[in-house]
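Down below is the structure, laid out as structure tokens.
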Amino acid sequence: MKTRRNICAEISDSLSECIRSIYPHIEEFNSPPVSQISDSTFGDYMSNIAFLLSKILKQKPIDIANKIAKEFKGNADAEPANPGFINFKIKRERLCENLEETRVSSWSSSNIGAGTKVNIEFVSANPTGDLHIGHGRGAVIGDTLARLFANAGFSVTREYYVNDIGKQIDALGESLLSAIHKKNGIESPYSATYKVEELVDEYLNLNKEPSSERNREDICRAADFAKERLLSKIMKLLKRLDISFDSVVRESSFIGAIPDLINELKKKDLIYEADEPEIEKEKKRRADSKSAIHRDSMEGGTFLRTGKFGDETDRIILRRSGAATYFTTDIIYHRDKLFRGYERLVNVWGADHAGHVIRLKAAMKALSLPAEKLEVVLCQMVRLIRGGTEVKMSKRAGTVVLLEELIDEVGGDPVRFFFLSRSASAQFDFDLDLAVKKSSDNPVFYCQYAHARTCQLLANGRENGIEPSNKNLHLLKDETELEIMRKLIAIPDSVQTAAIKLEPHRLVEISTSLSESLHRYQTAGKENSDLRVVTSDKKELSSARLYLVESVGYALRKLFGLMGINAPEKM
RNA sequence: GCGCUCGUAGCUCAGCGGAUAGAGCGUUGGCCUCCGAAGCCAAAGGCCGCAGGUUCGAAUCUUGCCGAGCGCACCA
């Protein structure tokens, strides 16, 4: 069985042929726009091509629409409509063919990626503590994007960038040493920034007691130990959401490349030494009290002229001490991704990193790197709602709610589904009460139950000696059945769009809509025995209906697979 | 002050150039002798923040206001 192209593309191709035969001199519009219609009384799909052609042909849109609709040949019936739309209704043979196609694994996959290498960097949380719910959202969105890309024929790498050096990591080492001293009742020369008490015993089992005197060696040893433990803890937690990485890149691996970068920038006259950036506006802003908090720690150093490439100011890349900033290694890191051959760099970042997009792109431009290959998906904040009010504090961590606690409370599937249910750019309220409900109020259960119902119906058929069959699909003619068929044929387009536009939340919409039709179908059969899926005295009809139901099952499993949630056969 | 994101139903959000603006929650009222009611149906509820501009056509593009969140250290 061959797989077909997406239905929009199919109609568009037929339309294009039609236009070429009527207007041979028109060369534009090789792929005329075709989109789904929201109001199905007009048809299933529509094109506004007549409006576009009217400008060139200097004719009324409706006249052009009439002519095209009359000549149109394809898998749909064309109908002109005022003031110039062309509406299409998919032919039922095509709808039936699609039912057969749903069971091929490549259904709703595509090859628009054509093997293009894409790198998706997500989570990348510092290994200084536990993940919170905000990380969870980024994790789910990033992983689902990766699944969508793979499904669209891209060659995908899931990458985690570990900031394993710098002040925060030093503070992590100090925190561990401080905790050890505290446990031993010794006054510690170290300050505790992070909560790492849980690591104390294991550290002491593997390492000698740290000195009570402050020293660099102890800090490094403690930091090395702590960051690796915390990183593997993070990975283990993400596994619970079925998330793993193909590549873990450490910031420390780029330290060696810093001198070369500085030399290169010097040759190109892109850096200068100063106490503060040369940009006037920036100086004024610094005088502003709001941004003066950290002025004491600004010692000046070597600045990169990002201000010339779209950034609002120049950014420091080497401190007076000679130490690089995280920005320096970030530049090397992104250049490295390009060196590794990725055509698209997708970063999933929290909204609090929004300000870094411009400066990173500016730095890439400064180095003549293709900044347009970097695409950043910004995830807005997550609030947890219980009993109608916001949950602000974690039971264990205090200030933020931990991802682990959320998974413990509601389970992995609802976490993934809910995090996917809104576009990344919208703030999101996670309703804990709703996520845990076992009823149709809860969209996850609604969809999973729809899948379970398809399995139960098939089992029911088997008990009555009826197997699904595509022999008599022409018997499917009730509106509830046609609605399901129309929704099924639209899915490959929607899945493709979700990948192209980096919008995984569309998967939730598609799944919910298909589930709704299935539930409605089954209920219709309860209210009207003519519509029962399994009726032992009408075997041919039942077989066709079971085939339809089975197709819905295949489609839901495909969608659930992309979302990373389970498809239970029973609930 | 500047930048980013966003103002759509009571709440949380889809829709982002097309025809009567959608979903979930919440509210109100119906539907089980019969494939799981863990379901379905119906009702109420909108100057799509405000004001101009572009277009055959604007919630959608554009400009200016107003409002919210996030950010604006050489922390990552």
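Quick caveat: nothing in here was measured; it's all calculated off a predicted structure. Chain naming here is simple, since letters A, B, ... match the order of the sequence lines and numbering starts at 1 in each.
Residue pairs meeting the salt bridge (charged side-chain N to carboxylate O under 4.0 Å, His left out) criterion with at least one member in residues 160-174 of chain A, sequence neighbours excluded: D170(A)-R216(A), E174(A)-R214(A). The salt bridge (charged side-chain N to carboxylate O under 4.0 Å, His left out) pairs that include a residue from residues 413-426 of chain A are D143(A)-R416(A), where partners are two or more places apart or lie in different chains. Applying the salt bridge (charged side-chain N to carboxylate O under 4.0 Å, His left out) definition to pairs two or more places apart or across chains, those involving residues 42-56 of chain A are D44(A)-R486(A).
Here the closest non-hydrogen pair linking N163(A) and S124(A) is OD1-O, 4.2 Å. Considering all non-hydrogen atoms of both residues, E278(A) and D314(A) come closest at N-OD2, 4.2 Å.
With sequence neighbours excluded, the residues forming a side chain to side chain contact (heavy atoms under 4.5 Å, CB included) with I64(A) are Y23(A), A50(A), L53(A), S54(A), L57(A), Q59(A), I68(A), listed by chain and number. Considering only residues two or more places apart in sequence or on other chains, S191(A) meets the side-chain hydrogen bond (donor to acceptor under 3.5 Å, both in side chains) condition with none of them. Residues passing the side-chain hydrogen bond (donor to acceptor under 3.5 Å, both in side chains) test with S175(A): none are found, sequence neighbours excluded. Remark: A226(A) pairs with L172(A), L176(A), L199(A) by the side chain to side chain contact (heavy atoms under 4.5 Å, CB included) rule, at least two apart or across chains.
Closest contact between the side chain of A81(A) and the listed nucleotides C74(B), A19(B), C41(B) involves A19(B). In the set C2(B), A19(B), C75(B), C75(B) carries the atom at the smallest distance from any side-chain atom of Q168(A). Of all nucleotides listed (A73(B), C70(B), C2(B)), A73(B) comes nearest to the side chain of M298(A). Distances from the side chain of I37(A) to the nucleotides A19(B), C74(B), C72(B) place A19(B) closest.
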Nucleotides 8-16 of chain B: protein proximity per nucleotide (B base, S sugar-phosphate only, - neither; heavy atom, under 4.0 Å): ----BSSSS

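For the C1' atom pair drawn from C40(B) and G17(B), the interatomic distance equals 36 Å after rounding to whole Å.
Relative orientation of the F254(A) and Y333(A) rings is tilted, given thresholds of 30° and 60° on the angle between their planes. The aromatic rings of F419(A) and F430(A) sit perpendicular, their planes meeting at an angle over 60°, well past the 30° parallel limit.
Salt bridge R320(A)/D275(A): present, at least one basic N to carboxylate O contact under 4.0 Å. Using a cutoff of 4.0 Å between basic side-chain nitrogens and carboxylate oxygens, R250(A) and E228(A) are scored as salt-bridged.
For C35(B), its base never sits under 3.5 Å from the side chain of Q456(A) at any donor and acceptor pair. Residue N87(A) places a side-chain atom within donor-acceptor reach of the base of A19(B), judged by atom type and a 3.5 Å distance cut-off alone.
The residue T325(A) sits close only to the backbone: its heavy atoms come under 4.0 Å of sugar-phosphate atoms, none of a base. As judged by a 4.0 angstrom heavy-atom cut-off over every strand, M46(A) is placed among the base-contacting residues.
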Could you list the protein-to-nucleotides 54-61 of chain B atom pairs, N/O on both sides, closer than 3.5 Å?
none

Heteroatom pairs (N/O) under 3.5 angstrom, protein to nucleotides 43-48 of chain B:
none

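Listed pair K437(A) / G26(B) meets the phosphate criterion, a side-chain N or O lying under 4.0 Å from OP1 or OP2. Within the structure, a side-chain polar atom (N or O) of K526(A) is placed less than 4.0 Å from OP1 or OP2 of C35(B).
Taking a pair as Watson-Crick or G-U with both hydrogen-bonding distances under 3.5 Å, the stems of three or more pairs touching RNA chain B are B:1-7 with B:66-72, B:10-13 with B:22-25, B:27-31 with B:39-43, B:49-53 with B:61-65.
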Using a 3.5 Å cut-off and no angle test, enumerate the donor-acceptor pairs between side-chain atoms of residues 351-364 of chain A and protein atoms at least two apart in sequence or in another chain.
residue : atom : partner : partner atom : Å
H356(A) : ND1  : Y326(A) : OH           : 3.0
H356(A) : ND1  : R359(A) : NH1          : 3.4
K361(A) : NZ   : L374(A) : O            : 2.9

